[in-house]
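These notes concern the structure reproduced below.
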Protein chains: 2
Amino acid sequence: MKAQILIVEDDKDLIELLEYRLSKEGYETLGFLSTKNVKKVINEEIIDLILMDRNLPDIEGSEFISMLREKDGMDIPVIYLSAKDSKYHVREGFLRGGDDYVTKPFEMTELMLRIEAILRRTKKNSQANNVTFRDIHLDLNSRIVIIENREVELTKLEFDLLHTLIIHQGNVLKRDFLLKNVWGKGAGYQGRTVNVALNRLKEKIDPDKSKDYIKTVRGVGYTIQ
Amino acid sequence: MKAQILIVEDDKDLIELLEYRLSKEGYETLGFLSTKNVKKVINEEIIDLILMDRNLPDIEGSEFISMLREKDGMDIPVIYLSAKDSKYHVREGFLRGGDDYVTKPFEMTELMLRIEAILRRTKKNSQANNVTFRDIHLDLNSRIVIIENREVELTKLEFDLLHTLIIHQGNVLKRDFLLKNVWGKGAGYQGRTVNVALNRLKEKIDPDKSKDYIKTVRGVGYTIQ
DNA sequence: ATTAAAGGTTACATATTGGTAACAAAATAT
DNA sequence: ATATTTTGTTACCAATATGTAACCTTTAAT
């Protein structure tokens, strides 16, 4: 899907130029001469990136963005366009991660490269590596576990165990299988090892035993389904 | 900031002429009669462009540049100066993208135009290039670190480590990953190397341990989120 | 209901892992 | 060359995750 880029810039000609080039690069554009209707549009449209003039007649572009971020939790990356000397402003620390800064006059090609870079970066962040079962969500990158909208802290072993169970959901996993796949050893463990680990996990993900995520299959192993 | 141009040319008079004209155009210059100390200077100074004689008495100029590029990852654009009757030809393909070639005797003005063009093209490197996490701001060009509006001094290793963590924020980075990406070696380090480095960094960016920027994920690695 | 087998629970021992400080080596600056 | 800073290494300590064993509970077959 085409990325939508919102432009806020008081120079009409520059908007036109930007829109021309951006559409040639395959982006959708929305141009605004002031911040007037921007907030509304942001709430209604899916905007991937904002090109923001920093020196607008009515309000500081970065002020406006900060406000949106703080008050509305706006999270769209921004590239600021500014005539002012960059060094001075960069130090100010108004830039967030993912944001960038380009001084006018700028090379159109350079701007395109930066836009591309930012869009690539944010796209990647949103393509998280998740695994889900009912209301259990595992993020494999951050190793964060969310159960019923609450974050649950699991140890490495517990996380790996739950991960394995969910990947193979619907199957009953035998102790040997779990030992091999989670503990990673052919043998060397005896007795209740898997047993205890499983029950520790059960306790953590469902303390009041109301959800019954993990089922014990007597004589065989464990399953999640 | 003025661009710094390094000149390697065995003709003393030509160096002088170049330096005279370049400084008139507003560039800083560094002249060398041979490649002898060039490598050292490149590592110490911020050089924006190299003017390199291709027919040096001791070594082929382009040989020298290739070596720097391959072995040290040198990435500065080069304009080669070469006598027209030289046995070497442009066709040889020793030019990289961004590099250029000028035959002696050359029009000074033409050379200036080419220099300008190359610098304009590579200028993006000197522009805002930042990375941010919460109230930590890294300026990748100046390598200045601002935390809570205060400048914090980090060593190279610490800076690179923090940079890597922030780029991959949200993900838990394993020791192996950090070793490869920050230390840049397949192996060769043992024991608590990563460990100690991380804790030194933690101490510097959050001395009173109130911010908890970097989290240890036991059994896995470290993360910033 | 009795019983035996399987799984759950608990407490504790042990192993793993990370933090820390001190020092050595390497890199840098003077 | 010498001093200083940075980085790697080691040894030790603290935290905590995990394995184990002993004991308890549940299940299901009789």
Side-chain angles (χ1 to χ4, degrees), chain A residues 143 145 152-165 172-176 178-209 212-224, chain B residues 37 39-45 72 143 145 152-162 164-165 172-176 178-209 212-224:
Chain A
R143 298 184 75 93
V145 182
V152 175
E153 300 237 320
L154 297 186
T155 67
K156 174 177 152 54
L157 182 70
E158 288 158 358
F159 186 96
D160 294 345
L161 206 45
L162 184 54
H163 180 203
T164 303
L165 284 164
V172 180
L173 306 184
K174 301 193 174 72
R175 284 177 187 66
D176 286 352
L178 288 172
L179 271 176
K180 208 181 269 171
N181 283 275
V182 179
W183 279 259
K185 299 174 189 183
Y189 291 97
Q190 336 142 353
R192 310 261 86 71
T193 297
V194 177
N195 219 301
V196 173
L198 251 302
N199 284 301
R200 280 170 179 159
L201 175 60
K202 280 185 180 181
E203 168 68 19
K204 277 209 190 162
I205 65 177
D206 182 22
D208 41 341
K209 297 177 190 188
D212 204 31
Y213 296 112
I214 298 173
K215 282 177 197 128
T216 303
V217 181
R218 210 182 154 84
V220 190
Y222 296 88
T223 187
I224 214 171
Chain B
N37 299 306
K39 189 174 164 181
K40 190 157 162 275
V41 170
I42 284 174
N43 288 327
E44 287 169 359
E45 298 276 332
D72 302 281
R143 297 182 76 90
V145 182
V152 175
E153 299 239 319
L154 296 186
T155 68
K156 172 179 152 49
L157 181 70
E158 288 158 356
F159 187 94
D160 293 345
L161 206 46
L162 185 54
T164 304
L165 283 164
V172 179
L173 306 184
K174 301 193 173 73
R175 284 175 186 67
D176 287 352
L178 289 171
L179 271 175
K180 209 180 268 169
N181 283 275
V182 178
W183 279 259
K185 300 175 187 183
Y189 290 95
Q190 336 143 350
R192 313 261 90 70
T193 297
V194 176
N195 220 301
V196 173
L198 251 302
N199 284 302
R200 281 169 179 160
L201 175 60
K202 279 185 183 181
E203 170 68 21
K204 274 208 191 161
I205 66 177
D206 183 21
D208 42 341
K209 295 177 190 188
D212 204 31
Y213 295 113
I214 298 173
K215 281 179 199 126
T216 303
V217 181
R218 192 170 232 271
V220 188
Y222 295 88
T223 188
I224 214 170

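We use all heavy atoms of the structure for the numbers below, so side chains are in, but hydrogens, waters and symmetry mates are not. Treat the numbers as computed from the prediction; the structure is a model and nothing was measured. Proteins come first, then strands; the chains are lettered A, B, ... in the order of their sequence lines, and each starts at number 1.
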Using OP1 and OP2 only, check whether a side-chain N or O of A:Lys204 sits under 4.0 Å from D:dA17. no

In whole Å, I'd like the distance from the CG atom of B:Leu154 to the C1' atom of D:dT5. 14 Å

Interatomic distance, B:Glu153 CD vs D:dT4 C1' [rounded to whole Å]: 14 Å

Counting heavy atoms from C-beta on, name the nucleotide in D:dT18, C:dG19, D:dT7 closest to the side chain of B:Leu157. D:dT7

Between A:Val220 and A:Val172, what is the shortest heavy-atom contact and its length? CG1-CG1, 3.6 Å

Is A:Thr193 near enough to D:dT20 that one of its side-chain N or O atoms lies under 4.0 angstrom from OP1 or OP2? yes

Could you tell me whether the phosphate oxygens of D:dT18, OP1 or OP2, come under 4.0 Å of any side-chain nitrogen or oxygen in A:Trp183? no

Grab the CG-P distance between B:Asp206 and C:dG19 for me, whole Å please. 14 Å

Choosing from D:dT6, D:dT10, C:dG7, which nucleotide comes nearest the side chain of B:Val196? D:dT10

Please check if atom NZ in B:Lys174 has more than 12 non-hydrogen atoms from other residues, nucleotides or ligands closer than 6.0 Å. no

B:Glu158 CD to C:dT28 P, straight-line distance once rounded to whole Å: 14 Å

In whole angstroms, the gap separating P of D:dT20 from CG of A:Asn195 amounts to 13 Å

Does a side-chain heavy-atom distance below 4.5 Å link B:Asp160 with B:Trp183? no

So, does A:Tyr222 get its side chain near the phosphate of C:dG8, meaning an N or O under 4.0 Å from OP1 or OP2? yes

What's the spacing between B:Asn199 CG and B:Arg192 CZ if we round to 0.5 Å? 11.0 Å

A:Asp206 with A:Lys202: basic N within carboxylate O range, under 4.0 Å: no

Rounded to the nearest 0.5 Å, how far does CG of B:Asp212 lie from CD1 of B:Ile224? 10.0 Å

Where do A:Tyr213 and A:Ile205 come nearest, in terms of heavy atoms and distance? CE1-O, 3.6 Å

Look at the side-chain N and O atoms of A:Thr155 and state whether any lies under 4.0 Å from the OP1 or OP2 oxygen of D:dT16. no

Interatomic distance, A:Leu201 CG vs C:dG7 P [rounded to whole Å]: 17 Å

B:Arg175, nearest nucleotide to its side chain (from C:dG18, C:dT9, D:dT9): C:dG18

With rounding to the nearest 0.5 angstrom, report the CD to CD distance, B:Glu158 to B:Glu153. 10.5 Å

Nearest heavy-atom contact between A:Leu161 and A:Val182 is CD1-CG2, 3.7 Å

Walk along nucleotides 22-30 of chain D from 5' to 3' and tag each nucleotide B, S or - by protein heavy-atom contact under 4.0 Å, base first, then sugar-phosphate. ----BB---

Both A:Val220 and A:Lys156 contact DNA chain C. Which one's nearest nucleotide lies toward the 5' end? A:Val220

In whole angstrom, what separates B:Leu198's CG from C:dT17's C1'? 14 Å

Give A:Phe159 one of three labels, base, sugar-phosphate or nothing, depending on what nucleic acid heavy atoms sit under 4.0 Å from its own. nothing

Find the distance A:Lys215:NZ to C:dG8:P and express it as a whole number of Å. 14 Å

Would you please test A:Asp176 and A:Lys180 for salt bridge (Lys or Arg N to Asp or Glu O under 4.0 Å) and show each step? CA-CA 6 Å; A:Asp176 286 352; A:Lys180 208 181 269 171; over 6 Å; no

Closest-nucleotide mapping onto DNA chain C: is B:Val217 or A:Asn199 further toward the 5' terminus? I mean the 5' end. A:Asn199

d(A:Leu165 CG, A:Thr223 OG1) to nearest 0.5 Å is 7.5 Å

Given C:dC23, C:dG7, C:dT9, which nucleotide is nearest the side-chain atoms of B:Arg200? C:dC23

Should B:Thr216 be listed as having a side-chain N or O under 4.0 Å from OP1 or OP2 of C:dT17? no

If we fit an axis to the first five pairs and another to the last five of the helix from C:dA1-D:dT30 to C:dT30-D:dA1, what angle do they make, to the nearest 10°? 30°

